[in-house]
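What follows is a single structure, written as C-alpha cells, with notes after it.
Quick note: numbers below take in every heavy atom, side chains included, and nothing from hydrogens, waters or symmetry partners. Proteins get letters first, then strands, A, B, ... in listed order; numbering begins at 1 in each.
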Protein chains: 2
Amino acid sequence: MAKKPIELGEAELAVMRALWEGGPQTVRDVMNRLHERGRAVAYTTVLTFLSRLEQKGVVASNKRDTAYVYRAKISRQSVTVSRIRTLVDQLYDGAATPVLLHLIENERFTPDEIAQLRKLIDDLDARESG
Amino acid sequence: MAKKPIELGEAELAVMRALWEGGPQTVRDVMNRLHERGRAVAYTTVLTFLSRLEQKGVVASNKRDTAYVYRAKISRQSVTVSRIRTLVDQLYDGAATPVLLHLIENERFTPDEIAQLRKLIDDLDARESG
DNA sequence: CCCCGGCTACTACGGTTGTCGTAGCACAAG
DNA sequence: CTTGTGCTACGACAACCGTAGTAGCCGGGG
C-alpha cells in the first residue's frame with residue numbers, strides 16, 4: 001500500500017501552511033493569515049480551498065458556534081517527503097543523489113546547519129556499515 | 001533579473017527527458033522513446049507537447065528534410081534547481097535545511113554516495129570558513 | 001497521374017487550480 | 001419584527017495540462 005502522492009497547488013499549500021502554523025482555525029482566520037503573508041484572496045476563495053482540501057481528505061472540519069473550524073490532517077513533513085519523492089522520480093527516475101547535490105550546491109547553509117548535516121551523514125554511515 | 005521559474009507538468013517533463021537523454025530528435029523519435037519508457041501517448045500528443053514547450057521557450061526546432069528536429073533549450077540541471085527552489089520556497093519560505101534533512105532521511109544512498117556527500121560538505125565547510 | 005504514408009496545423013475536451021460572486025440562512029441588535 | 005452581519009452552499013470562469021482527432025500538404029511508388 002504505497003501511499004498515494006499528495007498533490008497540492010501553490011495556493012492550496014499556502015492554505016495548508018496557515019493551518020500548520022496557526023493550528024485549527026476558521027475560514028476567516030486563515031484568510032487573515034494569508035493576508036498577513038501578502039496573499040490578497042477573497043473570503044470565498046479561502047472557503048473554496050478549504051472545502052476542496054477537505055474533499056481531498058487533507059483537512060477536516062467541525063462546527064464550533066456559528067463557524068466551522070478547520071484543521072490539517074496531514075503534516076508538513078509528509079507533504080515535503082511526497083514532493084521530494086515526486087521531484088526525484090520525475091527528474092531522475094528515483095535517484096536522489098543528483099537532487100541532493102543540487103540542493104547543497106545551490107542553497108545557502110549556516111555553519112550550524114552544516115554541522116547538523118555532517119552529523120546526520122555520520123549517522124547514515126554508521127547505519128549503513130553497522 | 002531573477003530568472004522566472006520554469007514550470008513544467010509531469011508529461012512535459014517526460015518529453016524534456018526524452019530530449020535530454022536522446023539529444024535533438026523528431027516528434028516520432030520522442031514518441032518512440034516515451035513508448036519505451038511505458039508512456040503510451042499518441043503521435044499528435046507528443047507534437048502538442050513539443051509545440052507548447054517551444055511556445056514556453058524551453059525547446060527549439062528546425063526543419064531537416066521533411067520533419068522538424070526538436071532540441072532542449074534548457075538543461076535538466078536548471079529544471080532541477082528551479083523545482084527545488086520552488087519546493088523550498090513554498091514549504092519553508094526558502095529555508096533549505098528542512099528539505100535537505102528530509103531528503104537525506106527518506107531516500108536511500110550507497111556508501112559511495114555518502115562518501116561523495118561528505119566530501120561536498122567538507123568543501124562547503126572550507127568555503128564557509130575560508 | 002493518382003494514391004499512400006508521414007508530417008504539421010488546428011481544434012477540441014475533460015480535469016484541476018486559482019479566483020470570485022451571489023444567494024440564502026441564522027443570530028444579535030435595534 | 002426588521003435589518004444587518006457574518007457564515008456556508010453553489011455556481012462560474014479562465015488558464016493550464018494531458019490527451020487526442022481531423023484536415024490538409026507533400027513527396028515517392030505504382
Side-chain angles (χ1 to χ4, degrees), chain A residues 4-19 24-35 37-71 79 82-83 86-87 89-90, chain B residues 4-18 24-35 37-71 79 82-83 86-87 89-91:
Chain A
K4 63 193 82 79
I6 304 160
E7 297 286 0
L8 300 175
E10 192 215 335
E12 289 177 327
L13 217 36
V15 169
M16 289 309 292
R17 290 191 58 178
L19 294 179
Q25 298 159 70
T26 64
V27 177
R28 188 154 300 274
D29 292 336
V30 171
M31 185 189 73
N32 288 145
R33 219 164 253 275
L34 292 176
H35 287 181
R37 314 248 323 153
R39 204 171 190 105
V41 281
Y43 182 94
T44 50
T45 302
V46 180
L47 180 58
T48 299
F49 278 131
L50 285 168
S51 303
R52 300 221 273 233
L53 289 169
E54 191 166 23
Q55 283 296 310
K56 292 186 182 184
V58 299
V59 316
S61 68
N62 63 326
K63 206 179 187 86
R64 179 160 63 200
D65 288 333
T66 68
Y68 282 98
V69 173
Y70 291 85
R71 68 171 204 284
V79 173
S82 178
R83 292 272 292 229
T86 300
L87 196 167
D89 282 347
Q90 285 181 7
Chain B
K4 66 192 79 77
I6 303 160
E7 297 286 0
L8 300 175
E10 191 215 335
E12 290 177 327
L13 217 36
V15 170
M16 290 307 292
R17 290 191 58 176
Q25 297 160 70
T26 64
V27 177
R28 189 154 299 274
D29 292 336
V30 171
M31 184 189 74
N32 288 146
R33 220 164 252 275
L34 293 176
H35 286 179
R37 313 246 328 152
R39 203 169 191 108
V41 281
Y43 183 94
T44 50
T45 302
V46 180
L47 180 58
T48 300
F49 278 131
L50 284 167
S51 303
R52 299 221 271 233
L53 289 169
E54 191 166 24
Q55 283 295 311
K56 291 187 183 183
V58 298
V59 315
S61 69
N62 62 326
K63 206 180 188 83
R64 179 161 63 200
D65 287 332
T66 67
Y68 281 98
V69 173
Y70 290 85
R71 69 172 205 284
V79 173
S82 179
R83 293 272 292 230
T86 300
L87 197 168
D89 283 347
Q90 286 181 5
L91 275 158

Grab the [atom1]-[atom2] distance between [X] and [N] for me, whole Å please.
X       : N      : atom1 : atom2 : answer
A/Leu53 : C/dG18 : CG    : P     : 10 Å
B/Glu10 : C/dT17 : CD    : C1'   : 17 Å
A/Leu50 : D/dC10 : CG    : C1'   : 16 Å
B/Arg52 : D/dA20 : CZ    : P     : 12 Å
A/Met31 : D/dG6  : CE    : C1'   : 12 Å
B/Asn62 : C/dT8  : CG    : C1'   : 15 Å
A/Met16 : C/dT17 : CE    : C1'   : 16 Å
A/Asp65 : C/dA28 : CG    : P     : 10 Å

Is any side-chain N or O of [X] closer than 4.0 Å to OP1 or OP2 of [N]?
X       : N      : value
B/Arg28 : C/dC7  : yes
B/Tyr43 : D/dT19 : no
B/Lys56 : D/dC17 : yes
B/Thr66 : C/dG6  : no

*Counting N and O atoms only, with roles assigned by atom type, does the side chain of B/Thr45 sit under 3.5 Å from a partner on the main chain of B/Val41, one being a donor and the other an acceptor?*
no

What's the closest nucleotide to the side chain of [X] if the choices are [options]?
X       : options                : answer
A/Val41 : D/dT8, D/dA20, C/dT19  : C/dT19
A/Tyr68 : C/dG18, D/dG18, D/dA9  : D/dA9
B/Ala11 : C/dC7, D/dT19, D/dC17  : D/dT19
B/Thr44 : D/dG21, C/dA12, C/dC20 : D/dG21

*asked:* Taking the nucleotide of DNA chain C with the nearest heavy atom to each, does A/Ala42 or A/Leu8 sit closer to the 5' end?
replied: A/Leu8

*Looking only at N and O atoms, is any donor in the side chain of B/Arg39 or the base of D/dG18 less than 3.5 Å from an acceptor on the other one?*
no

_Can you tell me whether the side chain of A/Thr45 and the base of C/dG18 have a donor-acceptor pair closer than 3.5 Å?_
no

Would you tell me whether [X] and [Y] have side-chain atoms, one donor and one acceptor, within less than 3.5 Å of each other?
X       : Y       : value
A/Asp29 : A/Thr26 : yes
A/Gln90 : B/Arg17 : no
A/Gln25 : A/Arg71 : no

Determine the contact category for [X]: base if any of its heavy atoms lies under 4.0 Å from a base atom, sugar-phosphate if only primed atoms, P, OP1 or OP2 are that close, otherwise nothing.
X       : result
A/Ala40 : sugar-phosphate
A/Thr48 : base
B/Phe49 : base

*Could you check A/Leu13 against A/Val79 for side chain to side chain contact (heavy atoms under 4.5 Å, CB included), going step by step and ending with a plain yes or no?*
CA-CA 9 Å; A/Leu13 217 36; A/Val79 173; 4.0 Å; yes

_Do the side chains of B/Arg39 and B/Glu10 get close enough for a salt bridge, i.e. N-O under 4.0 angstrom?_
yes

_Assuming nearest nucleotide by heavy-atom distance, tell me which of B/Leu13 and A/Leu47 is located more 5' along DNA chain D._
A/Leu47

